[in-house]
Amino acid sequence: MFKPLRPHGSYRALRRWLHSERETKIGILGVPFDKGQPKVGVANGPDAIRNAGLVDQLASIHKKINIKDYGNVSYEINEEIEKHVPNMRDYVHIASCNYELSKNVERIINDGRICLTLGGDHSLGIGTVDGHIKAKQENVCVLWVDAHADLNTNKTSSSGNVHGMPMALLASELSDYWPYLPGMDWQRPVISIRNVAYIGLRSVDAYERLIIDRLGITAFGMEEVENYGISTVVNMALERIDPEARRSIHVSFDVDSLDSLEAPSTGTAVRGGLTLREGVHIMESVYKTGRLGAMDLVEVNPSIGTEGDVKRTVEAAIHVIMAAFGHSRKGLIPRDAALPLQTFPHQTSD
Ligand SMILES: NC(=[NH2+])NCCC[C@H](N)C(=O)O
Ligand SMILES: [Mn+2]
Ligand SMILES: [Mn+2]
């Protein structure tokens, strides 16, 4: 079925490879952006995650983790975009911020790092997927882990919130459904929807459902997670979007994919979602492929809920990120260390 990138050798060698320390270079990018949805607070997501100790925790996974924090993306309003686009709130901000974001993501990946983008709302997926594809010359597939499909166009959206639209802007099959978007010429509808899979869906608008069915989009909703189990679901998703196991994987992880009991501090929480264990399982599976190219962790809103809710949500986000970069619930074998058996006291021979 699904073939992880691995050295040749025995099953034991493969197991060892999967559960040992692996050189991992990470570039962290914060996007304190909230204009893709109406609630205040989500712009503080990146700093809430950093302040909870993200970098130290990542560094503690093992010694071969190399982390560089590139800080937060800042952008200036592109004055030439005076045109607004119907039913896209704060369009000018969306276009300007994602332009900077795409360039930053492209640069971080070209620096040889896996780009970890901390949101901010999910409209930033426009820039991160675009930058990833530019850096990898198109050879990218996307796993969109979300309660929502984020597949509305400005004609189908009932909210006008652009965080409900990024996938529709990225998909080449939907390019004819958009009007000309001033200031977005850098953004090509870069990816075929055949290279995209959803996991976690449970709040899908009518037109989004129509598009998913018409285009035959790979979509594993909560029902499929129940029917097959998360392990089979991730393997099937990767098999569909990356059958030859050679693409760079982009995971866009909306924290609202998790059940609202696990991640209450988010703008559009939906009950009945993934457990934290399932979220972690998804990222462990992606890590094992060795082909994670970029990950977004979006929609953490520290202004929603109690202090305890915020803490739980941020911790959940960090668990999911840790799994993506090699933290193993089984424990890791130090790659170079030989077992110092002679030093175990119970093994001395008398
Ligand atoms: N990234 C998100 N949380 N998106 C929620 C989208 C909700 C709804 N489908 C809309 O278009 O407004
Ligand atoms: Mn969502
Ligand atoms: Mn989303």
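When a ligand or atom number is given, it counts from 1 through the structure's own listing order.
The N, O or S atom of Asp254 with the smallest distance to the Mn ion (ligand 2) is OD2. Restricting Asp150 to its N/O/S atoms, the shortest distance to the Mn ion (ligand 3) is reached by OD2.
The nearest N, O or S atom of Asp146 is closer to the Mn ion (ligand 3) than 2.8 Å. Using a cut-off of 2.8 Å, one finds that His148 contributes no N/O/S atom close to the Mn ion (ligand 3). Using a cut-off of 2.8 Å, one finds that Asp256 contributes no N/O/S atom close to the Mn ion (ligand 3).
The closest protein non-hydrogen atom to atom 11 (O) of ligand 1 is Asn152 ND2, 3.0 Å. What sits closest to atom 4 (N) of ligand 1 on the protein, heavy atoms only, is Asp150 OD1, 2.9 Å. Looking only at protein heavy atoms, the nearest one to atom 3 (N) of ligand 1 is Thr268 OG1, 2.9 Å.
With atom 7 (C) of ligand 1 as the reference point, the heavy atom nearest to it among His148, Gln37, Glu299 is part of His148. Comparing His122, His163, Met167 by heavy-atom distance to atom 5 (C) of ligand 1, the nearest is His163.
Atoms of ligand 1 found under 4.0 Å from any heavy atom of Ser159, numbered from 1 in the order shown, are 10 (C), 11 (O), 12 (O). Under a 4.0 Å criterion applied to the non-hydrogen atoms of Asp256, ligand 1 contributes the atoms 3 (N). The contact set between ligand 1 and Asp254, taken as ligand atoms under 4.0 Å from a residue heavy atom, comprises 1 (N), 2 (C), 3 (N).
Other residues, nucleotides and ligands place more than 12 heavy atoms under 6.0 Å from the NZ atom of Lys103.
In this structure, Ile321 CD1 and Leu118 CG are separated by 5.5 Å, a value rounded to the nearest 0.5 Å.
The distance criterion of under 3.5 Å between nitrogen or oxygen atoms is not met by Asn161 with respect to ligand 1.
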